[in-house]
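FYI, side chains are in, hydrogens and waters are out, and symmetry mates aren't considered; it's all heavy atoms of this structure. Sequence lines set the chain letters: A, B, ... in the order given, protein chains first and strands last, and positions in each chain run from 1.
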Amino acid sequence: METKPTPAPTDFIREAVAEDLRLGRYTYVRTRLPPEPNGYLHIGHVKAFLIDYNIAHENGGEVILRFDDTNPAKEETEYVDAIKDDAAWLGIHWAKETYASDYFDRLYEWAVKLIKMGKAYVDDQSAEEVSKTRGTLTEAGIESPFRNRSMEENLDLLERMKNGEFPDGSRILRAKIDMGHPNMVMRDPAMYRIIHEPAHHRTGRNWCIYPMYDWSHGQNDSMEGITHSLCSMEYEIHRPLYEWFLEQLGEFKPRQIEFSRLNLTFAMMSKRKLRKLVEMGMVKGWDDPRLTTLRGMRRRGYTAQAILDFIKKVGVAKNTSWIDFALLESCVRDDLNRLAMRKMAVLNPLKVVIDNYPEDLVEEMDAVNNPEDAAAGSRKVPFSKVLFIDQDDFREVPPPKYFRLYPGNEVRLRYAYFIKCVSVVKDETGKVSEIHCTYDPTTRGGDAQDGRKVKSTIHWLSAKHAIPVEVRLYERLFTHENPDEGDDFLSFINPESLVIPENCFVEPSLANAKAGEHFQFERTGYFCVDQDSQPGKIVFNRTVTLKDAWARIEQKTNQ
RNA sequence: UGGGGGCUCGUCUAAUGGCAGGACAAAUGACUCUGGAUCAUUCAGUAGUGGUUCAAAUCCAUUGCCCCCAGCCA
């Protein structure tokens with residue numbers, strides 16, 4: 001065999017996991033997907049999901065989907081369903097679906113245990129007082145006057161907090177650690193807060209106290225036997241607390257490892273700002289194809305495979321990083337190039353009359369469905385005297401290096417004939433309204449008998465057979481690489497992020513295209529049938545354009 | 001400013017004391033019935049300064065810059 005074994009992709013987390021196994025720190029691998037059900041999954045979550053999922057499976061382990069539902073004020077069942085749907089679409093299989101709220105009882109028992117150990121206390125200070133006495137980055141905090149009350153009183157108070165005897169914000173349970181700790185996270189962090197409204201989406205009104213992330217997450221990891229709790233860098237300073245709780249309790253201790261989160265240029269990842277875009281109507285919903293929510297990307301036409309490839313190429317590290325949006329586009333082009341059926345579509349039609357073509361003749365031309373896949377076969381495309389071509393493919397006065405149609409020039413109509421432009425008709429404003437060409441009958445199918453060449457091949461549609469459709473041309477939502485920078489992200493919105501041209505036509509073979517199907521419109525881009533499509537009114541979303549060498553040449557010569 | 005983390009081509013990422021490599025982007029050319037795809041080539045990097053070493057992106061010291069933390073959010 002000549003094929004070299006490709007080394008398995010590795011990174012510092014995979015190495016750490018392998019070492020843990022080798023040294024026997026853990027005898028198996030189990031990770032968890034920890035979404036908070038308060039919004040839709042976006043591409044940033046996908047990176048985290050895939051790291052957890054892949055590392056577990058590469059080691060013969062499993063992953064638990066655990067919803068982090070510790071705050072009833074923000075969480076809803078609707079999001080739970082959407083997250084599961086998105087994760088499944090990506091091809092993620094979870095061994096078990098759990099909720100932080102499944103463990104509320106046990107967590108409460110552990111809190112009681114900590115109180116009995118003298119490691120936690122009920123604080124009657126207001127949120128404002130707690131905040132004020134926390135100290136600053138450089139100064140130690142001040143201990144609460146309630147810090148040293150008796151175990152019995154703490155137990156009694158916590159019980160009554162749980163039973164709903166006190167109003168929201170009146171008391172919290174805090175871990176008793178060190179108000180002078182240089183790491184602010186360790187300055188007697190809150191464990192439980194009182195929340196009466198609204199009802200929790202799963203536990204209803206059973207609970208009036210809810211655990212904070214720090215008190216819930218690590219303990220849940222431990223209860224589920226998670227070996228590796230993988231999360232983003234901002235949790236690094238929480239790791240000492242994660243470990244402190246489990247050490248005090250003497251429970252199984254998973255290893256938390258942090259990696260840098262995914263930042264994507266020209267994309268909005270902030271949940272709060274995403275919500276604002278949706279609520280202000282700047283985009284049409286959480287599944288707007290301009291968003292990098294998974295639902296948006298799906299609707300835009302990104303394939304799961306392309307997204308998986310992208311995440312693999314992004315890698316895993318601890319550096320603050322900004323991934324170029326072009327890398328995502330490259331991945332989706334690569335995947336769609338392999339699988340998308342080719343079609344002809346004219347989005348900005350120019351009427352072409354073939355002067356020497358018989359008035360009523362219609363010919364069926366053979367067109368290849370996918371040059372990358374011989375098994376995809378071919379189809380018939382009707383040809384007749386009056387055609388549409390794209391406006392971009394004709395210039396009355398050709399710029400330098402322009403190979404397409406212009407007066408006197410001959411080009412090939414893809415899979416049809418060579419044509420030559422002989423005259424131009426203009427409307428009253430002086431704009432070219434139609435052009436006249438002659439065709440060479442001996443070039444049927446697209447090859448010249450005499451071996452002569454043309455420099456360009458353009459796509460076309462028979463005017464009377466063309467199907468009118470709606471086409472939505474999407475561009476980047478923002479004009480700024482990092483729209484999250486500064487406070488006025490709305491000013492970075494690209495006014496041309498969605499353009500719907502007036503007269504778009506596609507070839508008749510697309511008449512029965514179904515929502516979700518991917519196509520390449522030759523020489524134009526990749527498109528996906530939108531769910532808004534109706535019988536007789538198909539809607540296409542542009543997933544991504546094809547690379548356009550001519551656009552670059554033109555841009556350069558214009559400078 | 002206290003604590004924590006980071007710094008390798010424009011971007012992302014390898015190299016685990018021994019030839020700084022890959023991908024995306026960019027550029028040039030070949031090929032082409034998609035100015036697509038493909039192929040070839042090119043451009044381009046170890047934050048600075050010292051030190052250890054036969055040998056340093058890697059080890060040590062030091063400086064600089066960037067990110068995170070003062071929610072009863074996660």
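A:His181 comes within 4.0 angstrom of no nucleic acid atom, judged by non-hydrogen atoms across all strands. A:Thr70 comes within 4.0 angstrom of sugar-phosphate atoms only, judged by non-hydrogen atoms across all strands, and of no base. Within 4.0 Å (heavy atoms only), A:Tyr235 reaches at least one base atom of the nucleic acid. Counting non-hydrogen atoms under 4.0 angstrom, A:Glu372 reaches a base of the nucleic acid. Within the 4.0 angstrom heavy-atom criterion, base atoms lie near A:Pro371. Looking at heavy-atom distances under 4.0 Å, A:Lys455 makes no contact with the nucleic acid at all. Using a 4.0 Å heavy-atom criterion, one finds that A:Arg404 contacts the bases of the nucleic acid, with or without backbone contacts as well. Among the protein residues, A:Arg134 comes within range of the sugar-phosphate backbone only, with heavy atoms under 4.0 Å from sugar or phosphate atoms but none that close to a base. If you check every strand for non-hydrogen atoms under 4.0 Å, A:Ser321 touches sugar and phosphate atoms only. At the heavy-atom level, A:Tyr192 lies nowhere under 4.0 Å from the strands shown. Using a 4.0 Å heavy-atom cutoff across all strands shown, A:Leu137 reaches at least one base atom of the nucleic acid. Residue contacts shown for A:Phe67 are absent, as no nucleic acid heavy atom lies under 4.0 Å away. Nucleic acid contact for A:Ala127: base, since at least one base atom lies under 4.0 Å from a heavy atom of the residue. When heavy atoms are screened at a 4.0 angstrom cut-off, A:Val316 is found touching the sugar-phosphate backbone but no base atom.
A distance of 4.0 Å separates CD1 of A:Ile458 from CD1 of A:Ile389, quoted to the nearest 0.5 Å. Distance CG/A:Leu350 to CG/A:Asp393: 9.5 Å, rounded to 0.5 Å. Atom OG1 of A:Thr265 is separated from atom CZ of A:Phe325 by 7.5 Å, given to the nearest 0.5 angstrom.
A distance of about 30 Å separates the P atoms of B:rG2 and B:rU11, rounded to the whole Å. Spacing between B:rU8 and B:rC59 at atom P, rounded to whole Å, works out to 15 Å. Separation of the P atoms belonging to B:rU53 and B:rA44 is 34 Å when rounded to the nearest angstrom. Annotation: B:rU58 and B:rC7 have their P atoms spaced 12 Å apart (nearest Å). The same atom, C1', is picked in B:rU42 and in B:rU34; the two are 26 Å apart, to the nearest Å. For the C1' atoms, the distance linking B:rG48 with B:rA56 amounts to 16 Å, nearest Å. Rounded to whole Å, the separation between the C1' atoms of B:rA25 and B:rC67 comes to 25 Å. Comparing B:rU28 with B:rG17, their P atoms sit 42 Å apart, to the nearest whole Å.
Of the candidates B:rG5, B:rG35, B:rA23, the closest approach to any side-chain atom of A:Lys318 belongs to B:rG5. Side-chain proximity of A:Arg523 to B:rC7, B:rU34, B:rG71: nearest is B:rU34. Set against B:rC72, B:rA27, B:rG3, the side chain of A:Lys556 has B:rA27 as its closest nucleotide. Minimum atom distance to the side chain of A:Ala326 is reached by B:rA25, of the listed B:rU16, B:rA26, B:rA25. Of the candidate nucleotides B:rC72, B:rA14, B:rU34, B:rC72 has the atom nearest to the side chain of A:Ile172. Listed candidates were B:rG35, B:rC72, B:rG4. Nearest to the side chain of A:Glu236 is B:rG4.
Considering only side-chain N and O atoms, A:Asn319 lies nowhere under 4.0 angstrom from the phosphate OP1 or OP2 of B:rG6. In this model, the phosphate group of B:rG71 is not approached by any side-chain N or O of A:Arg187 to a distance below 4.0 Å at OP1 or OP2. Contact annotation: A:Ser131 does not reach the phosphate of B:rC72 (side-chain N/O to OP1 or OP2, under 4.0 Å). Phosphate contact (OP1/OP2 of B:rA37, side-chain N/O of A:Arg342, threshold under 4.0 Å): absent. Distances shorter than 4.0 Å separate none of the side-chain N or O atoms of A:Ser260 from OP1 or OP2 on B:rC67. Neither OP1 nor OP2 of B:rG5 sits under 4.0 Å from any side-chain N or O of A:Arg239. At B:rG36, none of the side-chain N or O atoms of A:Asn337 fall inside 4.0 Å of OP1 or OP2 (strictly under the cut-off).
To the nearest angstrom, P of B:rC72 lies 14 Å from CE of A:Met191. Rounded to a whole Å, the CD1 atom of A:Ile553 is 10 Å from the P atom of B:rA27. Taking atom OH of A:Tyr213 as the reference point, atom C1' of B:rC69 lies 14 Å away to the nearest angstrom. Rounded to a whole Å, the CD1 atom of A:Ile311 is 14 Å from the C1' atom of B:rU13. Atom C1' of nucleotide B:rU32 and atom NZ of A:Lys547 are separated by 16 Å, given to the nearest angstrom. At whole-Å resolution of the value, CG in A:Asp324 and C1' in B:rC9 are 14 Å apart. Distance CZ (A:Arg476) to P (B:rA25): 11 Å, rounded to an integer number of Å. Rounded to whole angstrom, the span from the CG atom of A:Asp335 across to the P atom of B:rC24 amounts to 15 Å.
With the 3.5 Å cutoff on both pairing distances, Watson-Crick and G-U pairs in RNA chain B assemble into runs of at least 3 at B:2-7 with B:64-69, B:10-13 with B:21-24, B:26-30 with B:38-42, B:47-51 with B:59-63.
Of the residues near RNA chain B, A:Met184 and A:Asp214, the one whose nearest nucleotide (by heavy atom distance) lies more toward the 5' end is A:Met184. Looking at which nucleotide of RNA chain B each of A:Asp334 and A:Leu327 is closest to, the 5′-most match is held by A:Leu327.
Taking the ring centroids of A:Tyr192 and A:Tyr210, they lie at or beyond the 6.0 Å cut-off. Between A:His217 and A:Tyr235, the distance from one ring center to the other does not fall under 6.0 angstrom. With ring centers used as reference points, A:Phe383 lies under 6.0 Å from A:Trp460. The six-membered or imidazole ring of A:Phe67 lies near that of A:Tyr99, with a centre-to-centre distance under 6.0 Å.
Ion pairing between A:Arg476 and A:Glu329 holds under the 4.0 Å rule for side-chain N and carboxylate O.
The minimum heavy-atom distance between A:Arg452 and A:Asp440, with the atom names listed, is NH2-OD2, 2.8 Å. Scanning all heavy atoms of the two residues, the minimum distance from A:Met269 to A:Gly44 falls at SD-N, 4.2 Å. The shortest heavy-atom contact between A:Gly301 and A:Val332 is O-CG2, 4.4 Å.
Looking at A:Tyr402 and A:Asn409, their side chains never bring a donor and an acceptor atom within 3.5 Å of each other.
B:rG4 takes the anti form, because its glycosidic angle lies more than 90° either side of 0.
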